[in-house]
Amino acid sequence: MKHIVVLTGAGMSAESGVKTFRDHNGLWEGHDVMRVASPEGFRQNPELVLDFYNQRRKQLKTVQPNQAHKDLANLEQDFKVTIITQNVDDLHERAGSSDVVHLHGELLKIRSTGNPSDIKTWTEDLNLGDNCDKGYQLRPHIVWFGEDVPMIETAVKICYAADILVIIGTSMQVYPAAGLINYVQPDTAIFYIDPKPAIQGRGNITVIAKSATEGMKDLIDKLI
Ligand code: APR
């Protein structure tokens with residue numbers, strides 16, 4: 001079975017009603033990204049940051065996987081599929097994908113500020129004073145700007161082994177995630193689906209300048 005590796009970004013979930021990061025003048029759901037998604041922002045105003053992610057967690061309960069998430073899950077009938085997502089939602093899992101690596105963390109998990117490996121599932125609001133067993137404040141299990149991306153080495157190894165790389169809905173601006181395209185073998189076919197593609201088609205890169213749901217239809221025609 002051929003191994004398809006899929007790198008997804010915020011555009012993957014756009015048609016489910018989750019806003020992207022960079023399509024709104026640097027604001028994310030009305031907030032300056034650096035105030036709600038950086039360690040400095042959390043130090044300066046932890047309540048604002050916790051509330052911001054509480055809102056995102058609430059919103060996640062109201063949205064559903066879109067057809068592109070479902071099409072990716074269905075690809076498992078014909079291919080080995082590994083999804084490397086920059087998204088913190090669980091829409092790939094809810095659509096039925098069985099092998100999903102979250103590069104930038106997960107909205108439905110939290111961790112201890114005193115012990116990064118103390119990670120728990122968390123589906124409700126997280127407030128100041130919610131502490132781990134050792135008494136440290138809990139925080140969202142999200143990779144903020146300037147923080148390490150612990151899953152990047154796993155993702156690099158997965159990319160090395162890809163027969164086909166599919167990139168969907170990412171502006172390719174945030175590293176190290178954007179650099180993963182450089183870790184596939186030279187003869188690996190690359191398909192990039194995005195209505196405003198950040199890179200041009202060349203050599204083994206085919207650009208499908210469409211939304212995730214429309215672009216997935218084209219991709220399936222090409223692959224199956
Ligand atoms: N279908 C596919 N792509 C879309 C759609 C759609 N319906 N709508 C918008 N897009 C594309 C945009 O054209 C853009 O290229 O999705 C991309 C979204 O880019 P960003 O908002 O920059 O999101 P992303 O690339 O995922 O950001 C990377 O930055 O803020 C951090 O950690 C955060 O994981 C995030 C990372």
Side-chain angles (χ1 to χ4, degrees), residues 5-42 49 52-53 55-57 59-60 63-72 83-92 95 100-109 111 139-152 154-155 165-182 190-201 205-220:
V5 175
V6 189
L7 173 65
T8 65
M12 181 79 214
S13 300
E15 288 162 280
S16 293
V18 182
K19 288 214 172 70
T20 58
F21 301 96
R22 291 179 183 76
D23 289 327
H24 311 278
N25 305 322
L27 295 183
W28 180 20
E29 298 279 2
H31 290 271
D32 174 347
V33 174
M34 293 310 282
R35 289 188 68 201
V36 293
S38 71
E40 295 77 20
F42 187 53
V49 175
F52 177 78
Y53 286 98
Q55 299 302 327
R56 306 281 73 71
R57 221 173 281 118
Q59 181 195 37
L60 185 53
V63 300
Q64 303 299 332
N66 62 51
Q67 192 56 43
H69 291 104
K70 293 177 193 163
D71 287 344
L72 282 179
I83 295 178
I84 302 170
T85 186
Q86 297 168 84
N87 299 342
V88 296
D89 63 52
D90 63 346
L91 296 178
H92 284 301
V100 184
V101 173
H102 283 270
L103 268 189
H104 292 164
E106 291 171 73
L107 208 39
L108 299 181
K109 289 186 179 166
R111 68 172 184 261
R139 58 162 277 182
H141 181 51
I142 303 281
V143 174
W144 286 329
F145 286 100
E147 294 190 312
D148 285 346
V149 181
M151 293 308 287
I152 194 69
T154 304
L165 177 69
V166 178
I167 304 172
I168 306 176
T170 171
S171 58
M172 302 292 279
Q173 287 190 30
V174 172
Y175 284 80
L180 286 172
I181 192 172
N182 300 317
I190 300 174
F191 296 91
Y192 174 38
I193 301 171
D194 194 302
K196 291 187 200 154
I199 51 177
Q200 291 185 335
I205 303 179
T206 304
V207 173
I208 302 173
K210 294 187 176 177
S211 73
T213 54
E214 288 302 311
M216 272 306 293
K217 291 184 199 156
D218 288 16
L219 180 74
I220 290 167

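What you see below is based on every heavy atom in this structure, not just the backbone, and it leaves out hydrogens, waters and symmetry mates. As the structure lists them, so they are numbered: ligands from 1, and atoms in each ligand from 1. What you see is a predicted model; the values in this text were computed from it and never measured.
- Checking G169, S211, G9 against atom 18 (C) of ligand 1, the nearest heavy atom belongs to G169.
- Across all their heavy atoms, P39 and F145 have their closest contact at CD-O, 3.3 Å.
- Not one N or O on the side chain of Y53 forms a donor-acceptor pair closer than 3.5 Å with the backbone of R139.
- For N66 (side chain) and M12 (main-chain N/O), a donor-acceptor pair under 3.5 Å exists by modelled atom type.
- Closest to atom 27 (O) of ligand 1 by heavy atom, among Q86, R22, Q173, is R22.
- Each of the atoms 15 (O), 17 (C), 24 (P), 25 (O) of ligand 1 lies under 4.0 Å from some heavy atom of T170.
- At a heavy-atom cutoff of 4.0 Å, ligand 1 is contacted by the side chain of A14 but not by its backbone.
- The nearest heavy-atom contact from the protein to atom 9 (C) of ligand 1 is D23 OD2, 3.6 Å.
- Looking at ligand 1, you won't find any N or O of V33 less than 3.5 Å from one of its N or O atoms.
- In plain terms, the two heavy atoms of T8 and V6 that are nearest each other are CG2-CG1, 3.7 Å.
- Taken to the nearest 0.5 Å, the CG atom of L108 stands 7.5 Å off from the CZ atom of R57.
- Heavy-atom proximity to atom 3 (N) of ligand 1, evaluated over A212, P195, S171, A177, is greatest for P195.
- Around the CG atom of D148, the shell of radius 6.0 Å holds no more than 12 heavy atoms that belong to other residues, nucleotides or ligands.
- Residue-ligand proximity, F145 to ligand 1, at heavy-atom distances under 4.0 Å covers atoms 30 (O), 31 (C).
- Judged by distance alone, with hydrogens and angles left aside, the side-chain atoms of E214 form no donor-acceptor pair with the main-chain N or O of S211 at under 3.5 Å.
- Under a 4.0 Å heavy-atom criterion, D194 is in contact with ligand 1.
- Not one N or O of M12 is nearer than 3.5 Å to an N or O of ligand 1, by distance alone.
- For A10, a nitrogen or oxygen atom sits less than 3.5 Å from a nitrogen or oxygen atom of ligand 1, counting backbone and side chain alike.
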